[in-house]
Participant: 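My questions will all concern the structure given below.
Being a predicted model, the structure only gives us computed values, none of them experimental. In the text below, chain A, chain B and the rest are named by the order of the sequence lines, each starting its count at 1.
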Amino acid sequence: MSSRGGLALPLVILSALLAVALLWVITVGEVPIPGGDVLGVITGRVPASDPRSKIVLAIRLPRALAAASAGAVLAGSGVIFQGVLLNPLAEPYTLGVAAGAALGASAAITLGLPFISAFAFAGSIAALWLVWLLGRGSRGRASPSRLILAGVIVGSILGSVITLMEALAGEQVGAIVLWLLGSFSLSTWSHAARSTAMAAVVLALGLFWARDLDILSSGADAASLGVDERRTSGVLLLGSSLATAMVVSMSGVIGFVGLVVPHLVRIVVGPAHRRLMPLSVLGGALLLLLADTAARSLGELPVGVITALVGGPLFCFLLWRER
Amino acid sequence: MRPLLSLEGVRVTLGSREVLKKIDLEVAAGQVVALLGPNGSGKSTLLAAAAGIGRKDAGTVLVEGDDLDALTRREAARRIAVVPQQTGFMTPFTVMETVLMGRFPSAGRFSRLTAGDRRAAEASLEAVDLSSFGERLVTDLSGGEAQRVAIARALAQQTKVLLLDEPVSALDPRHAIAVFRLLDGLRGEGKGILVALHDINYALRFADRVLFLKDGLLLEPPSPRAVDDVLLAEVFQTPWSLEELSGGFRAAFPLV
């Protein structure tokens with residue numbers, strides 16, 4: 001069953017699909033705007049004063065870019081967490097890292113503190129550390145099932161703390177839903193720019209350490225193959241936690257992207273990170289872009305509901321298939 | 001001549017137990033050194049400390065004359081290869097992808113693996129009789145096949161020093177003997193080989209030197225010929241018999 005394609009063909013196909021999807025989702029909405037007009041706005045043929053121009057440039061394009069790059073970050077972080085922790089179920093959501101970030105961010109917002117992203121980062125690192133402490137086996141290396149158990153438990157505790165905090169602070173229900181299930185309804189160009197930068201960081205981490213990730217994820221004693229395990233794992237986990245935290249601080253917790261996308265990509269191209277990483281980043285972007293569009297079309301549902309509805313059953317199928 | 005690998009006063013404590021008390025050991029180029037000892041005597045701990053991948057509380061390990069602790073992990077992996085007791089293959093990489101990981105320490109981070117790297121991997125697979133297995137998934141292999149893949153990966157590192165932790169424990173006699181013939185060949189190439197074994201007969205037959213690990217200390221008889229039932233009984237705490245076979249070989253077996 002080792003059908004391992006190259007990188008080029010899937011890369012071209014996914015990039016093309018992503019480009020088409022980006023264009024298409026901008027045409028969709030309360031005010032339908034034909035694809036030709038969208039291109040006209042982007043190339044400047046439609047004047048800036050035109051309402052279509054405002055809708056595309058101020059609302060739909062930044063939102064589409066924010067969603068796509070957030071998907072790239074979540075899927076890329078999933079690849080890194082899975083590789084470093086030697087655990088196919090690891091991702092920001094199952095590890096409680098996303099919930100930690102959300103708690104940090106909502107604490108900062110509730111208390112009216114600045115630097116929300118910094119609090120989100122602190123929260124994500126604290127959650128990861130806690131999960132690691134609870135989940136690691138006796139011999140230093142994490143035991144896969146313990147780690148995920150710890151992640152799910154820590155994640156749900158943090159989720160309830162967020163709910164409690166926001167309920168006590170008298171926030172609207174909508175704000176709580178944003179943190180717990182994610183939404184891109186408030187995305188701006190600044191959000192799009194920041195999460196695109198984070199997507200670049202995650203991709204760079206994954207490609208720079210692709211061979212180390214191969215060795216770590218193979219189950220080998222990585223040190224004997226030249227991997228400085230402590231340093232490499234540290235950099236990779238901190239980097240992907242930071243990227244996750246930035247994204248979560250803007251759009252809330254979105255599950256399953258980091259789980260489902262790398263699994264699907266592995267089925268097509270195998271586990272080598274040189275291929276897995278770039279394709280997962282593109283696949284994550286595509287998936288979350290489409291999920292957000294669905295959420296938007298269904299009357300601003302939280303996007304996490306869509307990813308869970310699509311990703312959950314899909315993941316069940318993958319689990320069943322890999323028995 | 002300077003030894004390829006030397007351990008000086010190596011001490012390892014695990015929990016409250018001093019597993020290795022004071023280990024002094026040299027492995028020269030062109031030597032196959034067998035390490036024997038009962039379960040839990042610290043053979044794996046010794047190999048891990050010698051490779052710089054395990055705990056070491058005191059002492060020095062020199063590789064080709066350089067302090068192992070002063071080398072980067074990549075540099076160390078270009079000088080010492082390790083065949084672990086448990087292969088631990090968990091992810092469905094192909095056999096070829098896995099063996100090529102042995103080339104990573106000497107490849108640049110971004111440079112593609114060269115035809116030379118690929119040839120080295122192919123030669124390593126051939127050496128363990130797995131030439132046709134390149135595209136198989138390591139997660140689908142039998143225990144013995146997986147063990148040979150781990151050996152091939154270590155060979156692909158093309159190091160001067162090779163440390164093997166019970167490399168034949170999952171192998172049938174034919175493949176076990178093939179591995180020892182392989183070590184014979186590597187000895188001829190001037191490598192220094194330290195191999196932990198359970199089977200005393202393989203050690204008596206193939207090793208240049210036989211070391212026994214007992215109570216955290218090494219015992220070395222003057223030569224493999226000097227291994228006798230008294231020494232074996234002392235190390236393994238059970239009576240042994242040694243029989244002379246035709247052709248000058250000897251066979252050891254525990255008395256029941």
Participant: Could you go step by step and tell me if A/Asp214 and B/Glu97 meet the side-chain contact (heavy atoms from CB on, under 4.5 Å) rule?
Facilitator: CA-CA 9 Å; A/Asp214 283 354; B/Glu97 284 172 331; over 6 Å; no

Participant: Nearest 0.5 Å, what's the CG-CZ distance between A/Leu225 and B/Arg103?
Facilitator: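 It comes to 11.5 Å.
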
Participant: If you draw a 6.0 Å radius around CZ in B/Arg118, do more than 12 non-hydrogen atoms from other residues or ligands fall strictly inside?
Facilitator: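 Counting neighbours around CZ of B/Arg118, 12 or fewer heavy atoms of other residues, nucleotides or ligands fall under 6.0 Å, so no.
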
Participant: Which one wins on heavy-atom pair count under 4.5 Å against chain B: A/Arg211, A/Arg274, A/Arg231?
Facilitator: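 Answer, by heavy-atom pair count under 4.5 Å with chain B: A/Arg211.
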
Participant: If you count heavy atoms of other groups shown closer than 6.0 angstrom to CD of B/Glu8, is the number above 12?
Facilitator: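 Above 12, so yes.
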
Participant: Chain A heavy atoms under 4.5 Å from B/Ala81: which part of the residue, side chain, backbone, both or neither?
Facilitator: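 B/Ala81 has no heavy atom closer than 4.5 Å to chain A.
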
Participant: Non-hydrogen contacts under 4.5 angstrom with chain B: give the residues of residues 254-262 of chain A involved, or none if there are none.
Facilitator: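 At a heavy-atom separation under 4.5 Å, chain B is reached by no residue of residues 254-262 of chain A.
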
Participant: Quick check for you: to the nearest 0.5 Å, what is the distance between B/Thr87 atom OG1 and A/Asp221 atom CG?
Facilitator: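 Those atoms lie 12.0 Å apart.
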
Participant: Please report the closest heavy-atom contact between A/Gly226 and B/Ala77, naming both atoms and the distance.
Facilitator: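 Scanning both residues completely, I find the closest heavy atoms to be N-CB, 3.4 Å.
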
Participant: Around atom OH of A/Tyr93, are there more than 12 heavy atoms from other residues, nucleotides or ligands closer than 6.0 Å?
Facilitator: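 For A/Tyr93, atom OH is not crowded (no more than 12 foreign heavy atoms under 6.0 Å).
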
Participant: Measure distances from B/Leu14 to the heavy atoms of chain A and classify the residue's part below 4.5 Å as side chain, backbone, both or neither.
Facilitator: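 No part of it gets close to chain A.
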
Participant: Can you check whether B/Val82's main-chain N or O pairs, donor with acceptor, with A/Ser224's side chain at less than 3.5 Å?
Facilitator: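 Between the backbone of B/Val82 and the side chain of A/Ser224 there is no qualifying donor-acceptor contact (under 3.5 Å).
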
Participant: Report, in residue-number order, which members of residues 151-163 of chain B are under 4.5 Å from chain A by heavy-atom distance.
Facilitator: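 Within residues 151-163 of chain B, the residues under 4.5 Å from chain A are B/Arg153, B/Gln157.
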
